[in-house]
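Working notes for the structure below.
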Amino acid sequence: MGIWERLKSALGGGSSGGSDRDGLYLYVRCGRCGDVVRVRVNLANELQQDFSDSGGISGYALRKVVIDATCFRPMPVDMTFDAGRRELSREIEGGEFVDQEAYEAIRAARSDADEGRAGS
Ligand SMILES: [Zn+2]
């Protein structure tokens, strides 16, 4: 049993053909308040085409502003992709990219802290 089958069954999706194969998830940590944000990018319709001099598609670019739910500071994200929509580079201002594990760990730590404050 592959990891994809296990993931799909864990998500409860039983139907054929991955329903979210166009989705790319970005995990961003705000450089000011430390909050983390998960953003879904739709690779099928959010990317802008870059054209080469010959008129063909040379790749894709994405510019997106991520805003966390704590201090609401906009963090502009710039990404580039090749003609096959594979990621080539990513940059962010005002924050940093983290992976899913770090995102979940930070969220768990922050919700613990919130509960602690509410109780005291
Ligand atoms: Zn923030």
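Residue indices begin at 1 and follow the sequence shown. Both counts, for ligands and for their atoms, begin at 1 and track the order of listing.
- Counting only residues at least two apart or on different chains, the salt bridge (charged side-chain N to carboxylate O under 4.0 Å, His left out) pairs with a member in residues 90-109 are Glu87-Arg90.
- Taking the side chain to side chain donor-acceptor pair (under 3.5 Å) definition, one finds that Asp50 meets it with nothing, sequence neighbours left out.
- Under the side chain to side chain donor-acceptor pair (under 3.5 Å) criterion, Arg38 pairs with no residue at all, not counting sequence neighbours.
- Transitive grouping of hydrophobic side chains (ILVMFWY, heavy atoms separated by less than 4.5 Å) brings Phe97 and Leu47 into a common cluster.
- Looking only at protein N/O/S atoms, the ones less than 2.8 Å from the Zn ion (ligand 1) make 4 in total.
- Residues Met75 and Asp68 are in side-chain contact: their nearest non-hydrogen atoms beyond the backbone lie under 4.5 Å apart.
- Residues Leu24 and Met79 meet the side-chain proximity criterion, which asks for heavy atoms closer than 4.5 Å.
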